[in-house]
Peer 1: 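Starting off with a structure, shown below.
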Amino acid sequence: MFPQKASSDFRLFNTLTNRVEPLDLIEPGKLRMYACGPTVYSYAHIGNFRSFLTSDLIVRTAQAIGLKVNYVTNITDVGHLTDDDVADSQGEDRMARALRSKEGESFGNVWDLARHYANVLIADWDRLNLEEPTLRPRATEHIRQQILAVQSLISAGHAYETTQGVYFRVASFPDYGKLSGNRDAAELTELSRELVVDSAKEDPRDFALWKKDDKHLMQWFSPWGWGFPGWHIECSVMANEYLGEEIDLHAGGEDLIFPHHECEIAQAESLTGKQFARHWVHTRFLQVEGEKMSKSKGNFLTVQGLIESKEDGGKGVDPMALRLTLISGHYRKPYNFTMDTLRANTRHVQRLREIRDLLDNVSETEATDKTVEPLVLDDLSARMLDAMLDDLNTPEAIAAVLEGVKRVMAKRDTLGSDDVETAKDWLGHVESLLGIIGRPIAPDPADDASLAAAVETLLSERAVARASRDWARADQIRDELGAMGVEVMDTAEGVTWRRKIDS
RNA sequence: GGUGACGUGGCCGAGUGGUUAGGCAAAGGUCUGCAAAACCUUGUACGGCGGUUCGAUUCCGCCCGUCACCUCCA
């Protein structure tokens with residue numbers, strides 16, 4: 001067990017107050033949490049997952065201190081406009097655009113496209129060992145609730161209809177801007193003026209709740225005719241539906257602070273008159289090899305592209321190494337994702353798995369007390385948890401893990417039964433809190449079997465050569481194996497091999 | 001222009017008013033036929049200029065640089 005902690009020991013930066021603050025739960029012992037998911041018009045990239053991983057770590061840390069977590073994260077499967085939230089005949093729906101792209105050709109319609117990318121998102125989620133949310137609602141399954149919310153906003157005077165749509169009346173919500181600091185109405189007005197196309201809007205700051213459009217690929221019938229909902233309303237509605245009018249924590253990427261979360265607050269608090277979310281947590285964008293990740297720079301990394309096997313056109317990256325890399329920087333700092341770090345982290349997760357296997361094997365054979373100094377790891381479990389409770393200090397938590405790896409490795413040949421128990425407990429803590437070891441990997445069926453057979457053949461040849469002290473031949477075989485991507489290790493217990501980490 | 005960040009040793013990346021983060025890479029060592037693996041040892045860094053202080057990388061000011069949001073984006 002982890003040491004006993006109170007929920008107030010869990011401190012996180014709150015965008016609303018610009019301070020690190022303890023969790024202040026509405027209901028003791030229970031965390032109500034909502035995280036914004038992506039629009040599923042493409043494969044999720046590593047930046048998406050950096051943000052999802054922040055939520056994942058919050059959930060794991062909360063569970064480690066005994067909180068019951070109600071974790072809702074949505075899938076946005078309605079396409080919203082690329083240009084503005086203004087009804088603009090020029091504006092293009094992102095899903096519609098994806099459908100017309102090269103990748104989109106394989107889909108019969110926009111619904112299939114959304115379904116496909118949503119399925120891959122969930123598969124990536126699983127492969128990167130993220131905790132399943134309590135619920136994963138979809139925007140398209142909550143159109144009715146969104147319409148009802150818009151109606152309520154209209155009757156309360158917070159929204160109005162024009163010929164093109166329904167808009168939220170920002171002037172009716174004085175707190176608008178409290179999250180992002182974008183309070184200066186004149187400033188916003190000036191900047192957005194040129195983008196405004198619906199001249200019937202009362203205020204350029206007003207944002208769309210419903211858009212009238214009977215030509216749209218995805219459309220629903222509403223009191224205002226055929227059309228589709230605005231982007232921001234779905235999250236307010238789904239959070240409300242599944243977590244209640246007040247929630248403890250709302251998370252997402254830093255880009256969502258404005259306008260998305262600002263608008264969510266305006267809608268939700270106008271509807272209920274209560275504070276929507278107490279704690280707002282935002283994850284910084286990451287960079288790739290020191291540059292902004294973008295398709296034009298060719299450094300746009302999708303989870304799919306990295307972890308798919310080489311045979312399937314991917315890079316064959318260990319999912320847990322990717323996970324470890326994505327959490328190895330603090331979530332509130334820009335993080336520079338490099339292939340170098342990814343490679344180093346591959347070694348780290350391998351070592352963790354080696355330890356897991358080692359512990360399993362030792363317990364099966366002999367775990368007698370051959371030790372003098374017992375293995376001590378409890379301090380490291382505590383250090384790791386404390387680091388996470390301190391605004392998710394993952395670098396510090398990981399440093400504690402690596403210290404543990406070192407301690408176990410240093411004692412690998414003299415582990416007593418108590419040591420094995422100690423190490424297993426510790427490893428369990430590491431996995432439950434950080435999730436970087438993962439499930440045992442099922443060997444690649446066909447590929448691994450044939451490779452293994454080939455390797456074994458060569459290794460037995462090499463064993464013969466070594467027995468006759470034919471070092472030249474032995475080294476030649478080792479080179480051949482190297483060319484096959486296999487590393488050979490002669491240990492005291494015999495010869496072992498493994499796949500090399502790609503460079 | 002407005003808002004908010006960031007700048008740490010070759011690289012990635014924590015943290016702190018005065019005492020070692022950690023990792024990768026590198027060097028040396030133990031082990032080994034040689035390697036690999038494993039373990040041990042080695043690095044004294046905090047953008048610039050001022051200020052506060054007995055003392056600042058850590059606080060304050062200015063400057064330089066990088067980034068994000070303000071328009072779709074995790």
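Naming convention: chains lettered A, B, ... in sequence-line order (proteins, then strands); numbering from 1 in each chain.
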Peer 1: Per the ring-ring contact (aromatic ring centres under 6.0 Å, His included) rule, which among Y176(A), Y34(A), W280(A) passes with H261(A)?
Peer 2: W280(A)

Peer 1: RNA chain B: A399(A) or G37(A), which has the more 5' nearest nucleotide?
Peer 2: A399(A)

Peer 1: Could you tell me whether the phosphate oxygens of A35(B), OP1 or OP2, come under 4.0 Å of any side-chain nitrogen or oxygen in W471(A)?
Peer 2: no

Peer 1: Counting just side-chain N and O atoms, does K333(A) come under 4.0 Å of either OP1 or OP2 of G7(B)?
Peer 2: yes

Peer 1: Determine the interatomic distance between C1' on U53(B) and the same-named atom on C59(B); round to the nearest Å.
Peer 2: 10 Å

Peer 1: Compare the ring of F52(A) with the six-membered ring in the base of A74(B) and state whether they stack (centres under 5.5 Å, planes under 30°).
Peer 2: no

Peer 1: Just by distance, do the side chain of R127(A) and the backbone of Q304(A) share a donor-acceptor pair under 3.5 Å?
Peer 2: no

Peer 1: Out of A21(B), C34(B), C39(B), which has the shortest distance to the side chain of A410(A)?
Peer 2: C39(B)

Peer 1: For A5(B), take OP1 and OP2 only and decide whether either is under 4.0 Å from a side-chain N or O of N18(A).
Peer 2: yes

Peer 1: Can you see if the side chain of R383(A) gets near the phosphate of A21(B) - specifically, an N or O under 4.0 Å from OP1 or OP2?
Peer 2: no

Peer 1: For A38(B), what is the paired nucleotide under Watson-Crick or G-U wobble rules, both distances under 3.5 Å?
Peer 2: U30(B)

Peer 1: Does any N or O donor sit under 3.5 Å from an N or O acceptor when you compare the side chain of H45(A) with the base of A74(B)?
Peer 2: yes

Peer 1: Taking the cut-offs as 6.0 angstrom to the six-membered ring centre and 45 degrees off its axis, would you call R136(A) and W125(A) a cation-pi pair?
Peer 2: yes

Peer 1: Is E461(A) salt-bridged to R473(A), cutoff N-O under 4.0 Å?
Peer 2: yes

Peer 1: Using a cut-off of strictly less than 4.0 Å, decide whether K292(A) has a side-chain nitrogen or oxygen near OP1 or OP2 of U66(B).
Peer 2: no

Peer 1: Keeping the roles fixed (side chain from D77(A), backbone from A114(A)), state whether a donor-acceptor pair exists under 3.5 Å.
Peer 2: no

Peer 1: Across all strands, who's sitting opposite G22(B) as a Watson-Crick or G-U wobble pair, both distances under 3.5 Å?
Peer 2: C12(B)

Peer 1: Could you check how far CZ of R205(A) sits from P of U71(B), rounded to whole Å?
Peer 2: 12 Å

Peer 1: With rounding to the closest Å, how many angstrom separate the C1' atoms on G17(B) and G43(B)?
Peer 2: 24 Å

Peer 1: State which of C34(B), A74(B), A36(B) makes the closest approach to the side chain of R478(A).
Peer 2: C34(B)

Peer 1: Please give, in whole Å, the distance from G4(B) P to D255(A) CG?
Peer 2: 18 Å

Peer 1: Does N345(A) make a side-chain donor-acceptor contact with the base of C24(B), cut-off 3.5 Å?
Peer 2: no

Peer 1: Does D475(A) contact G33(B) through a side-chain donor or acceptor facing the base, at a distance under 3.5 Å?
Peer 2: yes

Peer 1: How long is the line joining CG of D340(A) and P of A25(B), in whole Å?
Peer 2: 9 Å

Peer 1: Under 4.0 Å: is that the gap between some side-chain N or O of N393(A) and OP1 or OP2 of A14(B)?
Peer 2: no

Peer 1: Choosing from G13(B), A5(B), A38(B), which nucleotide comes nearest the side chain of M409(A)?
Peer 2: A38(B)

Peer 1: Quick check for you: among C39(B), G23(B), C73(B), whose closest atom lies nearest to any side-chain atom of R351(A)?
Peer 2: C39(B)

